[in-house]
Amino acid sequence: MRVEFDHRMQASAAVPDARRIIESCVHCGICTSVCPTYELLDHELDSPRGRIYLIRDMLQGAPVTTRTRDHLDRCLTCRACETTCPSGVEYGQLIDIGRQEIERRIPRSLSERGKRRLLRRALQSPRLLQFALRGAWMVRALLLAPLRKRIPPPPRAADTAVWPPGAHARRVLSLRGCVQGVLAPGYDLALARILDRFGVTLVDVAGSACCGAIDQHLGAPQAAARTMRRNIDAWWPHIEAGAEAIVLSSSACGSMVADYAHLLKDDPLYAAKAQRIGELLRDPAELVAKLWEHASLPLSALPPGRDKLVFHPPCTQQHGLRIKGRVELLLQRAGYQLTPLAEGHLCCGSAGTYSLLQPAVAGRLRQRKLSHLLAGRPVAIASANVGCILYLQQESPVPVRHWLEILAERLLAGAQA
Ligand code: SF4
Ligand code: SF4
């Protein structure tokens, strides 16, 4: 079915993408079975198919209201619908287009705009975030438990140790990031230590920062594009000097960087570079698996009773990057017994800023996710994304950790044994 857009849309650069995506949907509804918001709210307009209809109608000129915006806001951008769709509908791209258009047509109230702007600023500025968190950490102990749980703990001193010296000929690049750099610097440290053991240096790239996902998914694509260009500029001299990959310990950042090529495709100065960045991107699980194929990794023995883990696959890893089962294989190879996980495809509710903007839906998803994660009585939950880890940890009775930290600790202990 040919989609004819409203004349106000015709000049938009998003029209060809929106038309292609909308026309590729055959309305079969298979995606609804994996959509967390449809599952919870049981409303067609809170399903992928319903949202595609809403976006199509809006772009065709139909009137929109705050209720239309609410349905789009409630989407987690988890992209479970995308990996399930038999017609290859690129829903993630379409929801971004829909959100940008609805922001234009139905401006938010002053307070909502202020809240979103504050979130974008605070989360993307490590200095501002650190300043705010320092205050929160000072009063954390005095707060009532429900509030205290919502403030992430400060990183351990050991997590801020210096990375192994970069002496190897093989080099891969990191991203300094925003939230993770402040709250969980240990993840990159763990990645640097593991790679060092395999003879690969993880380069801490000065000038790189937030991946741009916060701006992109909060309807600020121009700001996101500036961030993407800045990261490309920071990585580029290293790529020209022979760095072989870009390896990001946060799957959310990885998923965003994988989209740079598409998001910058119309930028004459950056399109080719963004394409190259996408080709160089590797999930840590892919790289570690490859390196481990050809070298041994001396790990410490697992203490009795500490071998039962469950892995929570972040949406950004399984649906965004389409990497499934790799981390689980590595953990099994390291001697862990992984407990089975029901509804592994469902989002935990964290979803970038979603848990802050849609706390009720996010909270229900987290509760459901934790009940599945804990069903096999694991000693800890492993995951691959800072957002999921911090959000699940708020309510989890067992530690929630990055799989890289778990592996790196065993590696360090193995080296000392
Ligand atoms: S997005 Fe895909 S799965 Fe969902 S209704 Fe359209 S064609 Fe079917
Ligand atoms: S991205 Fe996730 S929440 Fe949004 S429509 Fe698709 S499955 Fe549902």
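Note that ligands are numbered from 1 as they come in the structure, with each ligand's atoms numbered from 1 the same way. All of these numbers come straight from a predicted model, not from anything done at the bench. Only this structure's heavy atoms are used, side chains among them; waters, hydrogens and symmetry mates stay out.
- Between Asp70 and Arg67 there is no salt bridge, since no side-chain nitrogen of the basic residue lies less than 4.0 Å from a carboxylate oxygen of the acidic one.
- Distance from atom 6 (Fe) of ligand 1 to its nearest protein heavy atom, with residue and atom name: Cys25 SG, 2.4 Å.
- In this structure, the protein non-hydrogen atom closest to atom 4 (Fe) of ligand 1 is Cys31 SG, 2.3 Å.
- Residue contact check: Tyr91 has heavy atoms under 4.0 Å from atoms 1 (S), 4 (Fe), 5 (S), 6 (Fe) of ligand 2.
- Under the 3.5 Å distance criterion, with hydrogens and angles disregarded, no donor-acceptor pair is assigned to the side chains of Asn231 and Ser208.
- Close approach of ligand 1 to Pro86 (heavy-atom distance below 4.0 Å) involves ligand atoms 3 (S).
- Between the CD1 atom of Ile194 and the CG atom of Leu202 there is a distance of 10.5 Å, given to the nearest 0.5 Å.
- Contact of the Leu76 side chain with the Leu365 side chain is registered, since non-hydrogen atoms from C-beta on lie closer than 4.5 Å.
- The protein non-hydrogen atom at the shortest distance from atom 7 (S) of ligand 1 is Val26 N, 3.3 Å.
- Residues Asp96 and Tyr91 bring no donor and acceptor atom of their side chains to less than 3.5 Å of each other.
- Defined by atom type and a distance below 3.5 Å, a donor-acceptor pair is missing between the side-chain atoms of Asn385 and Gln317.
- At a heavy-atom cutoff of 4.0 Å, ligand 2 is contacted by the backbone of Thr77 but not by its side chain.
- Given atom 2 (Fe) of ligand 2, the protein heavy atom at minimum distance is Cys78 SG, 2.3 Å.
- When distances to atom 6 (Fe) of ligand 1 are checked against a cut-off of 2.8 Å, Cys81 contributes no N, O or S atom below that limit.
- The main-chain N or O of Arg120 is found under 3.5 Å from a side-chain atom of Gln124 such that the two form a donor-acceptor pair.
- Within the listing of ligand 1, atoms 5 (S), 6 (Fe) sit less than 4.0 angstrom from a heavy atom of His27.
- Side-chain polar atoms of Asp188 and Ser249 form a donor-acceptor pair below 3.5 angstrom.
- Interface atoms of ligand 2 facing Cys35, defined by a heavy-atom separation under 4.0 Å, are 3 (S), 5 (S), 7 (S), 8 (Fe).
- When the shell of 6.0 Å around CD of Gln367 is examined, it contains 12 or fewer heavy atoms from other residues, nucleotides or ligands.
- Put simply, the side chain of Ile323 reaches to within 4.5 Å of the side chain of Arg326, judged on heavy atoms.
- Within the 4.0 Å heavy-atom criterion, the part of Val89 lying near ligand 1 is the side chain and not the backbone.
- For ligand 1 and Ile52, the ligand atoms under 4.0 Å from any heavy atom of the residue are 1 (S).
- If you check which protein heavy atom lies closest to atom 5 (S) of ligand 1, you get Gly29 N, 3.2 Å.
- Of all atoms in ligand 2, numbered sequentially from 1 with element shown, those under 4.0 Å from a heavy atom of Arg51 are 3 (S), 4 (Fe), 5 (S), 8 (Fe).
- Heavy atoms of Ser87 found under 4.0 angstrom from ligand 1 belong exclusively to the side chain.
- For atom 8 (Fe) of ligand 1, the closest non-hydrogen atom on the protein side is Cys28 SG, 2.3 Å.
- In terms of protein heavy-atom proximity, atom 3 (S) of ligand 2 is closest to Leu76 N, 3.4 Å.
- Heavy-atom proximity to Arg79, at under 4.0 Å, picks out these atoms of ligand 2: 1 (S), 2 (Fe).
- Of the heavy atoms in Thr32, none comes closer than 4.0 Å to ligand 1.
- For the residue pair Ser371 / Arg366, no side-chain donor-acceptor distance below 3.5 Å is found, with atom types taken as modelled.
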Just do the ring-ring contact (aromatic ring centres under 6.0 Å, His included) check on His319 and His345 with the steps written out, would you?
CA-CA 8 Å; His319 306 305; His345 63 279; 7.3 Å; no
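- For ligand 1, the atoms closer than 4.0 angstrom to any heavy atom of Cys85 are 1 (S), 2 (Fe), 3 (S), 7 (S).
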